[in-house]
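Since the structure comes first, as structure tokens, the remarks are kept for the end.
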Amino acid sequence: WCYRAEQKFAEHMKEKNEARSEFAKKKSLLEQRQYLPIFVSIFHLLCRRSIQTSLFFSFKSTILDGRLLPDRHSFLAIYRDNNIVIVVGETGSGKTTQLTQYLHEDGYTSYGMVGCTQPRRVAAMSVAKRVSEEIGSNLGDEVGYAIRFEDCTSEKTLIKYMTDGILLRESLRESDLDHYSAVIMDEAHERSLNTDVLFGLLREVVSRRTDLKLIVTSATMDSDKFAAFFGNVPIFHIPGRTFPVDILFSKTPQEDYVEAAVKQALQIHLSGLMGDILIFMPGQEDIEVSDMSGFIPLLVAVLPIYSQLPSDLQAKIFQKAPDGVRKCIVATNIAETSLTVDGIMFVVDSGYCKLKVFNPRIGMDALQVFPISQANANQRSGRAGRTGPGQCYRLYTQSAYKNEMLTTTIPEIQRTNLANVVLLLKSLGVQDLLLFHFMDPPPEDNMLNSMYQLWILGALDNTGALTPTGRLMVEFPLDPALSKMLIVSCDMCCSADILIIVSMLSVPAIFYRPKGREEESDQVREKFSVPESDHLTYLNVYMQWKNNNYSSIWCNDHFIHTKAMRKVREVRSQLKDIMVQQKMNLVSCGSDWDIIRKCICAAYFHQAAKLKGIGEYVNVRTGMPCHLHPTSSLFGMGYTPDYIIYHELVMTTKEYMQCVTAVDGEWLAELGPMFYSVKQAGKTEERQEGSFQFQIRAKKLISHPSAGFAGK
DNA sequence: TTCTCGATG
């Protein structure tokens, strides 16, 4: 009974509604709601302190009545007495759709909205749609949602679903969140960057506003930690409805996880058991390399899925395979949380994932393969138990799981560049960032480095306070250096052009390089190439796309991701609105591309490299060798400028600079005087014309500002 | 001469 209910409820999350379940057709929405575990089952309350009394009464009344009362009553009773509650809601418990409605039904929406945050946009949209149907109103009236680029709420809205990033932005405008009577932070156990910042902020807001209620959802394993962080608050457990999954560990460690995964999938297939297979791999490359050719005569549809895959190919994993054909989906961790495929009976888990880790000391990201955490492993195996009992084959030993894996993944806030977080907190008036209450504080090094970077960009002054430039930078949903570039471009009269470049840089992967057609796509890409700059190459691509009426056919013909370009246009339009609002003028410099390069230099002078040898560069400040990425316009051309700036430094197989632009040495000294000085070199034999030659040297900083504002 | 895990504003 339980299993069937879960199966049916899974239906409502599907984007396409044509296959509405019989359950959904027969039962009214109210009846469906009452089937949910959150409504009918007993809450297991691990209570603390004074909460015990109120819990006692609510359970007592349950028993007195002689039947199981819907435990929403005991939940609401506890909630009335506590400003913050942790809810452990397992998959299929109904917490996401029901908690908001309970609060609404209990009168909380009479003095403000009930807000519910989600880490992902699709979730915010689809849940809002479902809840508006349950309440019986049009989406956008009583129940609405807000995500970037789309605000589907009105003055009537009482229940608002949104991404956590939106709530964070709202707190900039209204730091006490006065519009809300209650906030539910859903999927908080995923610990997104925004969630972690909101944790610290909301903890303060609740202490200031005694009428604001907060619910934080968590996974079982970190509920105690969450409760402690918010001040020993009560924890509710709501059971879920999923099918049992057999977990099978590898007896010995696997050396080659790709090969092991393929073998395991074949073995499952030959076992004669029915059901689709989902394989978790760390990255796109492993997925493409996975040689499933042994499957072809055996009636298996091998389907790759990763975020960079064009959407028409992505859609294939949701299509029903022909009769008698088994689907074998090979996925990155996109299939862990972001998308759900029904009918998976077998999961094969490589035990690895790719993560970006930031090294503040050298300002470099590294994209590395790491063992997954136990939480990841459980999430992956759970994917086999959504529509029936399943099996999960883990390509690692039980001892590796127990002894080598972390219980949970290191939260993003501890492994990312914090410049944006620091800027946001500064603008929210947080004086001493090192004392800000993070659940898991980021490394101090990282915080100081981010403050330093903001000082370089002129967003913070010598005392660590926000400057007018910094205040303007916060307005943009961009990384600080990109905001800075946009602001500077107004004075340099190339804002319309920089606006496009900034928008292009805000979107991943413009160029598409399909397997088997690498050379062909490289040749097409070269046609867009501006020899001295990848930034200008991007501008060129956008202008040509615009001249071709933003055509998607044109994109396909030129190996350009249509989806990415559409997003560029959306971002551009949003940024333009903010510029208009901030009274920043929009002007193009036409074909004077030197101005554009100088403008880029004004915001990125801190990421400069100097030519050393043929096609080899070293970082001007650190002396560290770094390489042009083979996708760069400057790569392999005869043209090797003395100085370049880079947008990003990523360590993969080597230290690669991604997106570079040639700059004049004098610009570096002019725009980044805290780093560079111009030194007049003596005439040397090799140099002709006797002209001054400039040597840009990294200058030792006279005063390191972090010393000044570490404590303040 | 390489490849970008996943999300967000």
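Below, all heavy atoms of this structure are taken into account, side chains as well, without hydrogens, waters or symmetry copies. First the proteins, then the strands, lettered A, B, ... as listed; each starts at 1.
- The residue A:F370 sits apart from the nucleic acid: no heavy atom pair falls under 4.0 Å.
- Nearest-nucleotide positions on DNA chain B for A:G165 and A:K654 put A:K654 closer to the 5' end.
- Residue contacts for A:Q574: at a heavy-atom cut-off of 4.0 Å it reaches no nucleic acid atom on any strand shown.
- Taking the 5' to 3' direction, DNA chain B first and last meets chain A under 4.0 angstrom from a heavy atom at B:dT1 to B:dG9.
- The residue A:R121 sits close only to the backbone: its heavy atoms come under 4.0 Å of sugar-phosphate atoms, none of a base.
- Heavy atoms of A:S506 sit nowhere under 4.0 angstrom from any nucleic acid atom.
- Among the protein residues, A:N420 comes within range of the nucleic acid bases, having at least one heavy atom under 4.0 Å from a base atom.
- In this structure, A:R191 pairs ionically with A:D440, as a charged nitrogen and a carboxylate oxygen lie closer than 4.0 Å.
- Partners of A:Q284 under the side chain to side chain contact (heavy atoms under 4.5 Å, CB included) rule, at least two apart in sequence or in another chain, are A:E288, A:Y306, A:Q308.
- Sorted by first and then second residue, the salt bridge (charged side-chain N to carboxylate O under 4.0 Å, His left out) pairs involving residues 467-490 of chain A (not counting sequence neighbours) are A:R173-A:E475.
- Residue contacts shown for A:Y656 are limited to sugar-phosphate atoms, with no base heavy atom under 4.0 Å away.
- Every residue two or more places apart in sequence or in another chain was checked for a side chain to side chain contact (heavy atoms under 4.5 Å, CB included) with A:E519, and none qualifies.
- Contact check of residues 332-340 of chain A against DNA chain B (heavy atom, cut-off under 4.0 Å) returns A:T332, A:N333, A:I334, A:S338.
- Between A:L478 and A:Q658, the one whose closest nucleotide on DNA chain B sits nearer the 5' end is A:Q658.
- Across all strands, A:R148 comes closer than 4.0 Å to base atoms (heavy-atom distances).
- Contact check of residues 189-199 of chain A against DNA chain B (heavy atom, cut-off under 4.0 Å) returns no residues at all.
- Applying the ring-ring contact (aromatic ring centres under 6.0 Å, His included) test to A:F436 and every residue at least two apart in sequence or in another chain returns A:F438.
- Residues satisfying the side chain to side chain contact (heavy atoms under 4.5 Å, CB included) test with A:S171, not counting sequence neighbours, are A:L168, A:L177, A:L201, A:L428.
- Every residue two or more places apart in sequence or in another chain that forms a side chain to side chain contact (heavy atoms under 4.5 Å, CB included) with A:H629 is listed here: A:T631, A:Y656, A:Q658.
- Remark: A:F199 pairs with A:F226, A:F230 by the ring-ring contact (aromatic ring centres under 6.0 Å, His included) rule, at least two apart or across chains.
- Legend: residues meeting ring-ring contact (aromatic ring centres under 6.0 Å, His included) with A:F559, ordered by chain and number and at least two apart, are absent.
- Base contact: A:Q308 has a heavy atom under 4.0 Å from a base atom.
- Residues that satisfy the ring-ring contact (aromatic ring centres under 6.0 Å, His included) test with A:Y401, not counting sequence neighbours, are A:F249.
- With A:F511 as the aromatic partner, A:R525 meets the cation-pi criteria of under 6.0 angstrom to the ring centre and within 45 degrees of the ring axis.
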